[in-house]
Amino acid sequence: MMKAPRVLVIFALVFFIFFLVSAFLTDLDIMNSSPPSFLRLGLNTTIVAPHRKLLLTRQATIEEPTRIWGEKCTKSDIVINQGPTAPLPTGIPTYTVEVVNACVTGCEIYGIHFKCGWFSSAHLINPRIFKRLRYDDCLVNDGKPLVYGGTLSFQYANTFPYPLSVSSVACN
């Protein structure tokens, strides 16, 4: 009668060791901050957590402005800097986002919209600074102008950073 639980414990232990060894053989760089190789999808896209949707990280790309004669500003005039900051007391990671108007013609840019997926935060963000209107559409500065050289910043708290990019702008 005592052999059945002992057999189950031994089987569970062997099963655990098998998966531990296979994980190390699959990706020896397991202590690196990047996800294991079996989660990688493509060249610049990585799934951060297999159970979460729309939390893909992409390598930063610098988009060069392509101005048409007489065009005052483009969405590449808005620069987004995002980085980790101290976590909340609950342990949830926080990120600081800076939005900069780097318009070379010295223009004021308004109606700044970001592609933001299902953006959410465990830390309250002033909706006049940044708010999600609908899926993949977030409004910056309540649609008001961001002056040339102006910077706007906010912090959000979530398990993973959201890939934020400019989807549209308007200028004076």
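What you see is a predicted model; the values in this text were computed from it and never measured. The first residue of the sequence shown is numbered 1, and numbering continues consecutively from there.
Annotation for T159 and P93: closest pair O-CG, 3.8 Å, computed over non-hydrogen atoms. The two residues H123 and Q155 have their closest heavy-atom pair at CD2-O, 3.4 Å.
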Requested in this report: Show your working on disulfide bond (SG atoms under 2.5 Å apart) between C116 and C138 and close with a plain yes or no.
Outcome: CA-CA 6 Å; C116 56; C138 291; 2.0 Å; yes
* Residues V169, I78; criterion side-chain contact (heavy atoms from CB on, under 4.5 Å); working and verdict -> CA-CA 9 Å; V169 297; I78 297 295; 4.0 Å; yes
(message) Checking S153 against V99 for the side-chain contact (heavy atoms from CB on, under 4.5 Å) test, could you report, in this order, the C-alpha distance in whole Å, the side-chain angles of both residues, the deciding distance, and whether it holds?
(response) CA-CA 6 Å; S153 67; V99 181; over 6 Å; no
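Listed by chain and number, the hydrophobic cluster partners of V79 are V100, where partners are ILVMFWY side chains within reach of under 4.5 Å, directly or through others. L139 forms part of a hydrophobic cluster together with L133, judged by ILVMFWY side-chain heavy-atom separations under 4.5 Å. The hydrophobic cluster containing L88 also includes I92, under a criterion of side-chain heavy atoms closer than 4.5 Å among ILVMFWY residues, counted directly or through chains of members.
At distances below 3.5 Å, at least one donor-acceptor pair connects side-chain atoms of Q82 with backbone N or O atoms of Y162. A distance-only check finds no donor-acceptor pair linking the side chain of N158 to the backbone of A122 [under 3.5 Å]. Proximity of a side-chain donor or acceptor of D137 to a complementary backbone N or O of R134 within less than 3.5 Å is not detected. For T94 (side chain) and A157 (main-chain N/O), no donor-acceptor pair under 3.5 Å exists by modelled atom type. Put simply, the side chain of N141 never gets that close to the backbone of G143: no donor and acceptor are under 3.5 Å apart. Of the possible polar contacts, one joining the N101 side chain to the V147 backbone as a donor-acceptor pair under 3.5 Å is found.
V140 and Y110 end up in different hydrophobic clusters when Ile, Leu, Val, Met, Phe, Trp and Tyr side chains are linked at under 4.5 Å. Y148 and I112 fall into different hydrophobic clusters, where Ile, Leu, Val, Met, Phe, Trp and Tyr are joined by side-chain heavy atoms under 4.5 Å apart, directly or via other members.
The side chain to side chain contact (heavy atoms under 4.5 Å, CB included) with F119 is formed by just one residue from the set F114, Y135, F130; it is F130.
Residue pairs meeting the ring-ring contact (aromatic ring centres under 6.0 Å, His included) criterion with at least one member in residues 82-104, sequence neighbours excluded, are Y95-Y156. The ring-ring contact (aromatic ring centres under 6.0 Å, His included) pairs that include a residue from residues 72-91 number zero, where partners must be two or more places apart or lie in different chains.
One finds the CZ atom of F154 at 8.5 Å from the CD1 atom of I129 (value rounded to the nearest 0.5 Å).
Between D142 and K131 there is a salt bridge, with a side-chain nitrogen of the basic residue lying less than 4.0 Å from a carboxylate oxygen of the acidic one.
N81 has its side chain out of reach of V97: every pair of non-hydrogen atoms, C-beta onward, lies at least 4.5 Å apart. Residues I80 and E98 have side chains not in contact (no heavy-atom distance under 4.5 Å, counting atoms from C-beta outward).
Residues meeting the side chain to side chain contact (heavy atoms under 4.5 Å, CB included) test with S168, sequence neighbours left out: H113.
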